[in-house]
Amino acid sequence: LEPEATQLLPGAELPQDCALVLGNEGLGQSFNRADFPDVGALRIPQFGRAQSLNVSIAATLGMYEYCRHWGQDPGPLILPDRNRVKYLGA
């Protein structure tokens with residue numbers, strides 16, 4: 001994820017086998033991406049002048065987009081019926 005990238009994270013075609021590479025919040029990535037031509041770059045769109053996100057927020061958004069694209073619907077949340085719960089004790 002790079003703020004200068006032209007392709008946006010939402011709507012990007014993420015391969016099922018992929019890795020999200022995140023850099024240091026101040027220094028960025030610790031490698032030269034030009035040395036890895038198969039590694040793409042994506043940008044998280046933001047409003048306003050500041051183009052800065054905490055790295056944990058950027059990671060969360062990246063994982064969310066990946067799961068939205070490749071995840072499976074777990075179905076409805078089924079909560080236990082509280083009327084059937086029996087408490088032991090005095």
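For the atom pair Leu14 CG and His69 NE2, the distance stands at 6.0 Å (nearest 0.5 Å). A distance of 12.0 Å separates CG of Leu22 from CD1 of Ile57, quoted to the nearest 0.5 Å. Interatomic distance, Leu42 CG to Leu20 CG, rounded to the nearest 0.5 Å: 8.0 Å.
Taking each heavy atom of Pro45 and Pro10 in turn, the nearest pair found is CD-CD, 3.6 Å.
Leu8 and Leu61 fall into different hydrophobic clusters, where Ile, Leu, Val, Met, Phe, Trp and Tyr are joined by side-chain heavy atoms under 4.5 Å apart, directly or via other members. Cluster annotation: Leu53 and Tyr64 are assigned to distinct hydrophobic clusters (Ile/Leu/Val/Met/Phe/Trp/Tyr, side-chain heavy-atom contacts under 4.5 Å, transitive).
Side-chain atoms of Tyr66 come within 3.5 Å of backbone N or O of Gln16 as a donor-acceptor pair.
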